Amino acid sequence: MVSRTMVIKGKNGLHLRPAGRISETALRFQSEILLEYNGGLSTANARSVLSLLAAGLQDGDEVVLCCRGCDEKEALDAVAKVFSEETEAVPLRKR
């Protein structure tokens with residue numbers, strides 16, 4: 001498993017357009033891709049727009065992108081890139 005912690009920057013947080021792009025990107029990979037939030041107490045499936053929107057992520061929220069599977073590194077890089085572009089998120093650290 002690989003993961004990357006990011007902080008959302010941007011007044012709109014995670015809304016429909018970025019959730020759609022993140023989900024679209026996640027669906028290209030075989031790996032399981034989750035977003036952990038609320039200090040790791042909650043997760044959202046990156047393949048599901050509804051799951052991402054239900055997270056209600058806003059400016060300043062910290063999330064951990066977690067990928068597990070045969071293409072986990074490629075999946076993490078691709079989803080993190082889209083996540084960053086769409087929500088102005090910035091990476092904190094890699095694990």
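Residue numbers run from 1 in the order of the sequence given. Keep in mind that what you see is a predicted model, and the values were worked out from it rather than measured.
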Sequence-distant partners of L53, side chain to side chain contact (heavy atoms under 4.5 Å, CB included), two or more places apart: L16, A19, V49
Pairwise distance CD1(I22) to CD1(I33) - rounded to 0.5 angstrom: 10.5 Å
Residue pair M1 / C67, side-chain heavy-atom distance below 4.5 Å: no
Side chain to side chain donor-acceptor pair (under 3.5 Å) contacts in which one or both residues fall within residues 47-58, not counting sequence neighbours: none
Residue pair D61 / V7, side-chain heavy-atom distance below 4.5 Å: no
ILVMFWY cluster membership beyond L50 - transitive side-chain contacts under 4.5 angstrom: none
Partner residues of R17 under the salt bridge (charged side-chain N to carboxylate O under 4.0 Å, His left out) criterion, sequence neighbours left out: E86
Identified side chain to side chain contact (heavy atoms under 4.5 Å, CB included) counterpart of L35 within the set T43, L57, V64: L57
Close side-chain approach of T25 to F83, heavy-atom, < 4.5 Å: no
Residue pair K11 / D59, side-chain heavy-atom distance below 4.5 Å: no
Qualifying salt bridge (charged side-chain N to carboxylate O under 4.0 Å, His left out) pairs, either residue in residues 65-75, two or more places apart: E32-R68
For N38, all residues meeting side chain to side chain donor-acceptor pair (under 3.5 Å), sequence neighbours excluded: S42
Verify same cluster id: Y37, L34 (apolar side-chain graph, 4.5 Å): no
Step-by-step side-chain contact (heavy atoms from CB on, under 4.5 Å) determination, V63 to T5: CA-CA 6 Å; V63 298; T5 303; over 6 Å; no
